[in-house]
Amino acid sequence: MYRQYCGVLVVVALVLALGGCGGSSSDEPAAGPPDATRAARQRLPDHNPEARFGGRTVLEYAQGLNDLNPRVQFEALSNIAEFGVDGLPARDLVRDLVNNPRAEDFIRLAAIGVLHEMQAPEATPLAREKLMDPGFSRSLETYQDLLDGLIKEAGLDVATLRSDLLALARTDLDHATRLMMFENMPTEAREALIRAVFEANHGQQARDFFLRNFAQLHFIEEPLRFAYIDRLVESDLDQAIQLMTWRSLPTEFQSRLVRAILAIRDPSLPVTQTHSDQAMTFFFQNMAQMDFLEPEEKYQFVADNSPYASRPNVRPLAHQVLLSVATRQAMRRVTNDLVTNPPQKYRMMIQFAQAGVDPIHVHDEILRDVNESTEQRGIGESLAYLELLAVEVGRSASNKRAAGLREHFIKTMREMIADGSTEMHRALAAAHLVSFVGTLRDIPITPALDPVFAVLRDESAPEIVRGTAGSQLQESAAALAARDGFIERTVAALWEGEDVNATHFPEQILIAAASNNVERSVQIIDALARDVDAHLEGWAINSAAIVLMNLAANTRLNETAAKEQASIAMGKIFASPHARPAYLNETFNRTVHRIWTGNRAWSNTLDGLIGLIRPTLLAEHDTVLRVNNTASIMSRALANPDVVGRLASRSTPEARARYAAFLQEIADLNDHSRYFSSWAANGVAGMAQREERGWYNQPQP
């Protein structure tokens, strides 16, 4: 607590005591060195030696200066200050206190202030001497307070302070360095001192200051600062390396240091041992971001230190340095010397393409590996990264280089599908082309996928090529279905098929393309139904029926025009002599109830039922519906008043009239041997009765 009290008092003492510093009677020339002893011999100003304050003389108060208690000393100084110029009789005792190294710093500072208050001629020279005396205090704060007093209170002119500091730099460089740190010093004086220390043979403290503050030392010419760094590298490489790692170091000086350190070569040592581990680590960690280095300089550094760069913990850093170079030469350095396996190699090549290396060049480098591979794994791995390159770098269609890469990849895959060196090359090229087009949605599928569809239709193509192309189209169908022309191209491929081998993949691709999507299902149903009449005498109607049954079974299409359209198309197919029950039965049995009437008779429409049933009932040959023994379902559709009635109640009067006419047509056939006409006659009667009672206009459960 006592020390805290004293610390507060010193501020008060300085303000009070130094308040009269401007009135010093010193006659010493401003630019001359301080000489308190000579100044003390000057004539004193007029004063009253007998003056009293509080009934006591100044010498009586001065007795407290000899006390060992700082508080007593401070009280004595405060009382002496009250005398002003009349306190001069005590000046020798006060001056002795200033020179007493055992006294507290704040007491000695206060004593200097009291000398100014009594207008002692030695006051300012003494303060200047103490500021320049390294032994006056161990505390930098004391010197800072002393400097503040001289400048702000005593009014010491800048020219005199500058002269003192320059003299100090010649006699005691260490103390000059300490004072150089004070930011409260007038700019002109401080810059002169800093420059003097800079040009002298200074120590570590000054060096640290200069290196950390180069950006602010504008008054020292840049060539001198650069030369300073060069000398540091020559004289103390360890310190130079330490300096290089400082984040606060301005870029232009870090650049100078980096270049100077990189230029060091010891002919007696391997290149990798020229620099310390600290320097090597710093270079590899930061060189990628060193924009002041030319790409060739970065590349040469990694090339010169290849064994070091190959260390497992350093290799990723070396990769980043070479990526910042982004040249073919740098890419080859990575892919030939610094990678351990093909996937890592390809990933790095893709990064180089993203960093600026011509992506078509990177593409062709990977393609060379594709063509040289003979096993499925090697071909597939290389092609996968070739596609990844085209996807990652080719996403931006607005970028000319990206667009060029996309076109180049598509062209390469098309050529490989047609003329690949092995069947596996052709097959995997088809798969990756489909995958690529499916990933980048803005690529038109025509002409990109023309070769894939050609393979799908070419029964002479190797099975692995057709199978892989078809499987990949099926896997990507949901993504491709939204693209203009894809569904039409697939439907066309289906209609062109002449046997199950030719239509299998188009059939499965269309089912996958719908993927329970109502909009896609409607589009596919429309495409198939539109052309079914032209293909009723070919095998392809069987695959078309499989697709229609799977799509029409979607309950989200219940009572829609799409299900009705699908039912009409299926009715034509089921009644065709070219329909193959053995091929259709499994799907038919799985979907028939959801397509026909459902459990409560409203999954389809009346017109849909007419289109589904009528062709079979009028056919003179066996049909799919007859072969599948659908008599029970037929009876419900033709005669069951509840089933048909509920469906009819949800239909328009025009639709009910058409259905009644259909039932009458079947009844008029008089084909009672198969019960169709009998059921239909019952149905006609039942509908007439309900129509008469207004049953169709009532809400149905």
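Quick note: numbers below take in every heavy atom, side chains included, and nothing from hydrogens, waters or symmetry partners. Numbering starts at 1 and runs along the sequence shown.
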Are [X] and [Y] close enough that a side-chain donor and a side-chain acceptor fall under 3.5 Å?
{"X": "Glu564", "Y": "Thr605", "value": "yes"}
{"X": "Arg594", "Y": "Asn554", "value": "no"}
{"X": "Asn517", "Y": "Ser515", "value": "no"}
{"X": "Glu387", "Y": "Ser435", "value": "yes"}
{"X": "Asp369", "Y": "Tyr346", "value": "yes"}
{"X": "Glu475", "Y": "Ser471", "value": "no"}
{"X": "Asn604", "Y": "Ser567", "value": "yes"}

So does [X] have more than 12 non-hydrogen atoms from other groups sitting under 6.0 Å from [atom1]?
{"X": "Asp484", "atom1": "CG", "value": "no"}
{"X": "Arg347", "atom1": "CZ", "value": "yes"}
{"X": "Glu459", "atom1": "CD", "value": "yes"}

- Message: Filter on salt bridge (Lys or Arg N to Asp or Glu O under 4.0 Å), then keep only pairs touching residues 498-512, sequence neighbours left out; what's left?
- Response: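 Of all non-adjacent pairs touching residues 498-512, none passes salt bridge (Lys or Arg N to Asp or Glu O under 4.0 Å).
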Shortest non-hydrogen contact from [X] to [Y]?
{"X": "Met413", "Y": "Leu433", "result": "CB-CB, 3.9 Å"}
{"X": "Leu494", "Y": "Thr503", "result": "O-CG2, 3.5 Å"}
{"X": "Leu528", "Y": "Val547", "result": "CD1-CG1, 3.7 Å"}
{"X": "Val684", "Y": "Ala660", "result": "CG2-O, 4.2 Å"}
{"X": "Leu389", "Y": "Ala353", "result": "CD1-CB, 3.6 Å"}
{"X": "Ala514", "Y": "Arg520", "result": "CA-CB, 4.0 Å"}

[X] side chain to [Y] backbone, donor-acceptor under 3.5 Å:
{"X": "Arg401", "Y": "Gly356", "answer": "yes"}
{"X": "Ser324", "Y": "Val321", "answer": "yes"}
{"X": "Arg483", "Y": "Ile443", "answer": "yes"}
{"X": "Arg426", "Y": "Ile417", "answer": "yes"}
{"X": "Arg466", "Y": "Asn501", "answer": "yes"}
{"X": "Thr468", "Y": "Ala427", "answer": "no"}
{"X": "Ser373", "Y": "Glu375", "answer": "no"}
{"X": "Asn542", "Y": "His578", "answer": "yes"}
{"X": "Asn341", "Y": "Gln344", "answer": "yes"}
{"X": "Ser576", "Y": "Leu536", "answer": "yes"}

- Task: Tell me, please, which residues at least two apart from Ala562 pass side chain to side chain contact (heavy atoms under 4.5 Å, CB included).
- Result: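 Ala562 satisfies side chain to side chain contact (heavy atoms under 4.5 Å, CB included) with Val522, Ile525, Leu557, Thr560 only.
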- Task: Go through the structure and list residues passing side chain to side chain contact (heavy atoms under 4.5 Å, CB included) with Glu407, not counting sequence neighbours.
- Result: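 Expected list: none.
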- Task: Name all pairs fulfilling the ring pair (Phe, Tyr, Trp, His ring centres under 6.0 Å) condition that reach into residues 533-562, sequence neighbours left out, sorted by first residue then second.
- Result: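 Listed by first then second residue: Trp495-His535, Trp539-Tyr583.
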- Task: Just grab all the ring pair (Phe, Tyr, Trp, His ring centres under 6.0 Å) pairs involving residues 403-442, residues at least two apart or on different chains.
- Result: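 Ring pair (Phe, Tyr, Trp, His ring centres under 6.0 Å) check on residues 403-442 returns His363-His408, Phe409-Phe436.
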- Task: Check the pair Phe588, Leu625 against side chain to side chain contact (heavy atoms under 4.5 Å, CB included), reporting the backbone distance first and the verdict last.
- Result: CA-CA 9 Å; Phe588 180 89; Leu625 297 186; 3.5 Å; yes
Any chance you could measure [X], atom [atom1], to [Y], atom [atom2], to the nearest 0.5 Å?
{"X": "Ile511", "Y": "Asn516", "atom1": "CD1", "atom2": "CG", "answer": "12.5 Å"}
{"X": "Glu392", "Y": "Tyr385", "atom1": "CD", "atom2": "OH", "answer": "11.5 Å"}
{"X": "Leu617", "Y": "Glu665", "atom1": "CG", "atom2": "CD", "answer": "9.0 Å"}
{"X": "Leu383", "Y": "Ile366", "atom1": "CG", "atom2": "CD1", "answer": "10.0 Å"}
{"X": "Gln664", "Y": "Leu669", "atom1": "CD", "atom2": "CG", "answer": "10.5 Å"}

- Ile524, Leu548, Leu551 screened by side-chain contact (heavy atoms from CB on, under 4.5 Å) with Leu510, the one that passes: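 Testing Leu510 for a side-chain contact (heavy atoms from CB on, under 4.5 Å) against Ile524, Leu548, Leu551 leaves exactly one candidate, Ile524.
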- Determine, stepwise, if the pair Leu367 / Thr412 fulfils side chain to side chain contact (heavy atoms under 4.5 Å, CB included). CA-CA 9 Å; Leu367 181 61; Thr412 300; 3.6 Å; yes
Is [X] salt-bridged to [Y], cutoff N-O under 4.0 Å?
{"X": "Glu365", "Y": "Arg328", "answer": "no"}
{"X": "Lys411", "Y": "Glu415", "answer": "yes"}
{"X": "Asp337", "Y": "Arg332", "answer": "no"}
{"X": "Asp442", "Y": "Arg406", "answer": "yes"}
{"X": "Arg530", "Y": "Asp526", "answer": "yes"}

- Query: What residues, two or more places apart in sequence or in another chain, satisfy ring pair (Phe, Tyr, Trp, His ring centres under 6.0 Å) together with Tyr299?
  - Reply: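 If we apply the ring pair (Phe, Tyr, Trp, His ring centres under 6.0 Å) test to Tyr299, skipping adjacent residues, there are no hits.
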With heavy-atom distances below 4.5 Å as the criterion, would you say the side chains of [X] and [Y] are in contact?
{"X": "Val362", "Y": "Leu405", "value": "no"}
{"X": "Leu480", "Y": "Val434", "value": "yes"}
{"X": "Val370", "Y": "Met416", "value": "yes"}
{"X": "Met331", "Y": "Leu322", "value": "no"}
{"X": "Glu488", "Y": "Gln523", "value": "yes"}
{"X": "Leu473", "Y": "Phe486", "value": "yes"}
{"X": "Val302", "Y": "Val325", "value": "no"}
{"X": "Ser603", "Y": "Glu559", "value": "no"}

- Given side chain to side chain contact (heavy atoms under 4.5 Å, CB included), test Ile379 with Thr422 step by step and report yes or no. CA-CA 10 Å; Ile379 298 169; Thr422 68; 4.2 Å; yes
- Chi angles and distances behind the side chain to side chain contact (heavy atoms under 4.5 Å, CB included) call for Arg368, Glu372: CA-CA 6 Å; Arg368 188 177 299 111; Glu372 291 176 357; 3.5 Å; yes
